[in-house]
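Reading through the structure tokens given below for one structure.
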Amino acid sequence: MGKKELKSFFEDYLKKDSLFKNKKALQGNYTPKSVPYREEQIEVLAGILAPALRMEKPSNIFIYGKTGSGKTLCVNHVADNLIKIANEKKIPLKIFYLNCKMKRVADTEYRLVAQMSREFGIEVPATGLPTDEIYKMFVNEIDKERLLLLLILDEIDQLVLKTGDEILYNMTRLNSELKKSELSIIGISNDLVFTDNLDPRVKSSLSEEEVVFPPYDAIQLQKILKQRAKIAFKDGVLGEGVIEKCAAYAAREHGDARRALELLRVSGELVERSNQNKINESFIDKAEEKLERDRILDIVNTQPKQFKLTLYSIFNYTNNGAPIFTGDIYDFYKEACVKTGVKPLTQRRVSDIIAELDMLGIINAKVISKGRYGRTREIGIAIPQSTVPKVVDILKEGLNI
DNA sequence: AGGTATTCACATGAAACTATTCTCTGAGTTAGG
DNA sequence: TAACTCAGAGAATAGTTTCATGTGAATACCTGT
């Protein structure tokens, strides 16, 4: 694009009306005024937490539900209202929201407590102190005066997966160390069977109350989408059947409302970019493709070198149609290491890396037994053919091949 | 033929190690009184 | 003597290695017919 055309491109862009009235309504962190189809859960939550306003410690709560079923949204909704009232009535209530999946923020015991301490204005170093030391600091700080603490731990299953369940035991035990203040925990989990392999002591004290968020069905998703679309888009932009299709796609994926909204937003963006002014069904397919491609490219881009090398080996090792096994990949990988001057990892480690790549959904790696010929993983590529070349390019670039 | 014992090629687990980043502590050093 | 510097000990964390144990089913090997 030449200089002149570029200028007129931007000018044209400005002249064009946007399809969007308020794009924020379709973005992940948007908080709508009401949460449809979750009245029941909100009511239950409110009921459990309400004693906080009388300075009585609310029960610990455990919340289950698949991704995009409105867990976080509802909890925050209730928490916001609660804290508003508490502030009005001058009740010493504090609510923390921590997402345990956030890398380098709250994904270990130390960091969790450190993060909470920071919210209280205590300077805590990122490392160097023993964990019980910062526990002590935290306890001292919150126990200075009477205080009710509500700790919302989002994606708590990830935390336990990484660090074990004693962390939860410690958290629940904190109450016995606190003289004046009290602490309640709200755990949010995507994993429905998460508590099954939890220490029974932890389990019973943590899930005094349980709230389940069932997935939305297609009809409910439609209503939600309509509500948001009304805020987000200008009138007459949405074509026939668009909402329905978005809802159907998301319903297929265990009723993930977040995904449905994302789909709608990206469709809108694609339409805008192609200089049209109406969203029709075909754009939803394109949007889904784009979302998926972006997700993959993003994952691939952010992997560490050894993961990239392993992935490169998987994409480049061909056995003309025959199934591919861990051993094959490891051999290829070792050669690739020699070529790129990287010190090869042990097979043990590469095996783990393959398992992790499988978890990320880039490859399929199924453990199979070949009988007399051993037990291994059968590896296949799990991304659409059309994105493979692009991924290989990224890998080559990242590895200087 | 039917049954069971082996065996392969890794998977899976646990522990220990390496390297980096950061704190704390106490010994040694410095500079001002 | 107070303030400063700096090395050494300890922590947390991420990524790995080492060592040990587990495992599903195709084959090898029996056994009795």
Side-chain angles (χ1 to χ4, degrees), chain A residues 98-118 120-141 155 158-171 196-199 299-314 317 319 322-338 340-360 362-380 382 398-399:
Chain A
L98 284 177
N99 188 321
C100 303
K101 217 171 82 184
M102 297 229 292
K103 284 250 181 284
R104 291 165 203 286
V105 177
D107 57 347
T108 68
E109 185 166 17
Y110 181 91
R111 294 212 257 252
L112 192 74
V113 185
Q115 190 59 30
M116 289 193 289
S117 304
R118 271 192 276 269
F120 269 96
I122 318 171
E123 281 294 315
V124 278
T127 169
L129 291 183
T131 304
D132 47 329
E133 194 66 30
I134 76 157
Y135 259 114
K136 245 181 259 166
M137 286 166 76
F138 178 66
V139 167
N140 284 341
E141 184 62 29
E155 315 215 34
Q158 300 289 320
L159 181 68
V160 172
L161 194 72
K162 229 193 114 183
T163 62
D165 55 6
E166 56 208 279
I167 175 169
L168 294 180
Y169 180 69
N170 289 340
M171 298 303 298
D196 287 2
N197 25 21
L198 218 54
D199 187 318
I299 290 174
V300 172
N301 251 322
T302 54
Q303 291 308 306
K305 196 163 203 161
Q306 295 289 4
F307 280 64
K308 283 186 178 166
L309 247 174
T310 311
L311 200 55
Y312 173 82
S313 306
I314 294 169
Y317 180 85
N319 204 358
I324 302 172
F325 305 113
T326 304
D328 304 332
I329 294 302
Y330 185 63
D331 291 342
F332 193 98
Y333 159 85
K334 270 196 294 192
E335 275 176 42
C337 280
V338 173
T340 52
V342 178
K343 193 172 156 242
L345 300 176
T346 50
Q347 179 161 314
R348 175 72 186 81
R349 181 62 186 138
V350 172
S351 170
D352 276 352
I353 291 178
I354 289 174
E356 279 176 57
L357 289 172
D358 176 49
M359 293 278 281
L360 289 169
I362 301 175
I363 61 172
N364 281 319
K366 208 172 92 206
V367 179
I368 56 156
S369 176
K370 293 188 291 165
R372 186 65 205 271
Y373 304 105
R375 223 165 99 86
T376 180
R377 283 199 176 87
E378 191 177 303
I379 299 165
L399 298 165

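Heavy-atom basis, side chains included; hydrogens, waters and symmetry copies ignored. Numbers restart at 1 for each chain; the letters A, B, ... are given by sequence-line order, proteins then strands. Treat the numbers as computed from the prediction; the structure is a model and nothing was measured.
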Exercise. Please work out if A:Glu133 contacts a base, only the sugar-phosphate, or nothing of the nucleic acid, heavy-atom cut-off 4.0 Å.
Key: nothing
Quiz prompt | Side chain proximity check, A:Leu357 to A:Ile314, heavy atoms < 4.5 angstrom | solution = yes
Quiz prompt | Length of the line joining A:Lys343:NZ and B:dT18:P, which is rounded to integer Å | solution = 11 Å
Quiz prompt | Distance-only donor-acceptor check, side chains A:Gln306 and A:Tyr333, under 3.5 Å | solution = yes
Quiz item: Does a side-chain N or O from A:Ser351 land closer than 4.0 Å to OP1 or OP2 of B:dA11, or not?
Solution: yes
Quiz item: Looking only at atom types and distance, does a side-chain atom of A:Tyr110 sit under 3.5 Å from a main-chain N or O of A:Asp132, one as donor and one as acceptor?
Solution: no
Quiz prompt | Polar side-chain atom of A:Thr163 near backbone of A:Leu159 as donor-acceptor pair, under 3.5 Å | solution = yes
Quiz item: Could you give the CG-to-C1' distance, from A:Leu345 to C:dA14, as a whole number of Å?
Solution: 13 Å
Quiz item: Does A:Arg118 use its side chain to pair, donor to acceptor, with the backbone of A:Val124 at less than 3.5 Å?
Solution: yes
Quiz item: How long is the line joining NZ of A:Lys305 and C1' of C:dT16, in whole Å?
Solution: 17 Å
Quiz item: Does A:Asp199 offer a backbone N or O that forms a donor-acceptor pair with the side chain of A:Asp165 under 3.5 Å?
Solution: yes
Practice problem: Grab the CG-P distance between A:Asp352 and B:dA14 for me, whole Å please. | Solution: 13 Å
Quiz item: Are the side chain of A:Asp328 and the backbone N or O of A:Phe325 linked by a donor-acceptor pair below 3.5 Å?
Solution: yes
Exercise. Pick base, sugar-phosphate or nothing for A:Lys366, based on heavy-atom distances below 4.0 Å to the nucleic acid.
Key: nothing
Which atoms of nucleotides 10-12 of chain C (N or O only) lie under 3.5 Å from a protein N or O atom, and what are those distances?
unit_1	atom_1	unit_2	atom_2	d
C:dA12	OP1	A:Thr131	N	2.8
C:dA12	OP1	A:Thr131	OG1	2.5

Using a cutoff of under 3.5 Å, can you pull out all pairs of nitrogen or oxygen atoms linking the protein to nucleotides 19-26 of chain C, with atom names and distances?
unit_1	atom_1	unit_2	atom_2	d
C:dT23	O2	A:Arg375	NE	3.2
C:dG24	N2	A:Ser369	OG	3.4
C:dG24	N2	A:Gly371	O	2.7
C:dG24	N3	A:Ser369	OG	2.7
C:dA25	O4'	A:Ser369	OG	3.3
C:dA26	O4'	A:Arg372	N	3.2
C:dA26	N3	A:Arg372	N	3.3

Quiz item: Whole-Å distance between B:dC8 C1' and A:Ile368 CD1?
Solution: 13 Å
Quiz item: Roughly how many Å is it from CG in A:Asp107 to C1' in C:dA14, rounded to a whole number?
Solution: 11 Å
Quiz prompt | Protein-nucleotide distance (A:Phe307, atom CZ; C:dG15, atom C1'), rounded to Å | solution = 9 Å
Self-check item: Short side-chain N/O contact from A:Lys162 to OP1 or OP2 of C:dT13, under 4.0 Å
Solution: no
Quiz item: Between A:Glu356 (CD) and C:dT16 (C1'), how many Å, whole number?
Solution: 12 Å
Practice problem: Measure the NZ-OG1 distance between A:Lys308 and A:Thr340 for me, rounded to the nearest 0.5 Å. | Solution: 12.5 Å
Self-check item: Heavy-atom donor-acceptor pair, A:Asp107 side chain to A:Cys100 backbone, under 3.5 Å
Solution: no
